[in-house]
Protein chains: 2
Amino acid sequence: MSLRHALLAMLTAEPMTGYELVKYFDGSVAYVWSAPHSQIYPELRRMERDGLVDVEIVPRGEHAKKRIYSINEAGLEEFQRWIRELTPYQPERDVYRLKAAHFEQSTYEAARRQMQEHLNHYTRALQIWKQVLDDVDNRRVSLLRERLAQRPQEEHEAIVAFRKLTFRGQIAKARMEIQWAKEGLALLDELESKGVPLRGEP
Amino acid sequence: MSLRHALLAMLTAEPMTGYELVKYFDGSVAYVWSAPHSQIYPELRRMERDGLVDVEIVPRGEHAKKRIYSINEAGLEEFQRWIRELTPYQPERDVYRLKAAHFEQSTYEAARRQMQEHLNHYTRALQIWKQVLDDVDNRRVSLLRERLAQRPQEEHEAIVAFRKLTFRGQIAKARMEIQWAKEGLALLDELESKGVPLRGEP
DNA sequence: GATACCATGTAAAGCGTTACATGATTGG
DNA sequence: CCAATCATGTAACGCTTTACATGGTATC
């Protein structure tokens, strides 16, 4: 049950609508946690039902309304309970490594395409995360500024430091995956130039 | 739909029972792909129904039987189709980074415990993967030997090289996560020694 | 005969993806 | 008035986890 905790985490910064949460999960946050709006709106309703968030219904224009969710005392307690609790390490599922292990069943072209996409994906991710790290460092992130504004000065250092720790982790991951993709592409070049046959080739 | 392809991948090495597949997914393979038996047995039945695997029912002792699954022509085609197809990159969900980003809501003790578990988990994973890489290099893996035995000599280099590529990726990932966990533990030590308060502290 | 291992299932509940669906507001 | 954006939902389907469940075989 972590979508709930990801939503509570966002709401500890400031109250917002489901739509704003959807936007965050579509943006740079998507590389840490993401969910479609079809999952977010019902979960917010359940969190409201379970008394973890309060809702303010605010008019929007003449006829429309929007629902602004804010975390309440019970929600903050639940979030803190979750964050203090040890999250166990479960078996992973890495479809890209699974695929790479069986590239002899593919073709050089298809294998290269997959590895190139891997490289592109993590190159984009790296750029985004480096930018985010810099933005956090210079307090250019509005959500972070909101968060800092409502917490005492002496907590600021920890708040910023922990966010930076996460982003440095993502940066390290992106660099590692880029390196791995390059290694894969180099291996494919080497094997093809040696004329090593693949089973998937026509 | 990747459990199906993970199972097909295993069955390209040799025919086996659901129980043997369960064992593999519980062992060192678990760090690349894993599934509980409650997912594996029904999926094998569906694959049988869909004509991707053949089944041989073999007696076991006096009264018991076992079902040995082998991949057939259609199954191999489906596996090759999947491996040639580009797997898109979807938004990730990393609960450990999400948690780390909000450690100011935790306590030093709980945050340290989580990071220590992270370190332990990936240290174990690193040991396992280094061993597997070495075993593959020296053809000490029975599944790999079965696989090589049924393929022509000229494909052997690629088969071994792609498996090693995957394991090197897992090793790089484990090292990266170990490094990150150490960074996190160091940060926690530094903040605590400076007396920076956390919101979750009693 | 007890224990560990072999072997295979079902079922409920939860989580995630994809598609379908609707309507208001804002700015050009 | 048209397009982009704001805003919020439902539904079907598939995958994953956890729990419940059963019985044979091999070895000491």
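Since we're looking at a predicted model, the values are computed, not measured. Per chain, numbering begins at 1; letters A, B, ... match sequence-line order.
Comparing atom distances between the Arg45(A) side chain and each of dA21(D), dG9(D), dC15(C) picks out dG9(D) as nearest. Closest approach to the Lys66(A) side chain among dG9(C), dT17(C), dT8(D) is made by dT8(D) (side chain taken as heavy atoms from C-beta onward). For Tyr19(A), taking side-chain heavy atoms from C-beta onward, the closest of the listed nucleotides dA7(D), dT16(D), dG9(D) is dA7(D). Considering only the side chain of Pro42(B), dT10(C) comes nearest among dG16(C), dT10(C), dC6(C). Nearest to the side-chain atoms of Arg93(B) among the listed nucleotides dG9(D), dG16(C), dT18(D) stands dG16(C). The listed nucleotides are dG9(D), dA7(C), dT18(C); the one nearest the side chain of Gln90(B) is dT18(C).
Contact between the side-chain N/O atoms of Tyr41(A) and the OP1/OP2 oxygens of dT8(D) is found at a separation under 4.0 Å. At the phosphate of dG9(C), neither OP1 nor OP2 sits under 4.0 Å from any side-chain N or O atom of Arg46(B).
For Ser38(B) against dT18(D), a side-chain-to-base donor-acceptor contact under 3.5 Å is present. Taking only distance into account, the side chain of His63(B) never meets the base of dG23(D) through a donor-acceptor pair shorter than 3.5 Å.
Side chain of Glu201(A) to backbone of Tyr108(A): a donor-acceptor contact under 3.5 angstrom is found.
Within the nucleic acid shown, Arg4(B) has no heavy atom closer than 4.0 Å to any nucleic acid atom. Base engagement by Arg60(B) is indicated by at least one non-hydrogen atom pair under 4.0 Å involving a base atom.
Take Gln39(A) and apply the side chain to side chain contact (heavy atoms under 4.5 Å, CB included) test, not counting sequence neighbours, and it matches Leu3(A), Ala35(A), Pro36(A).
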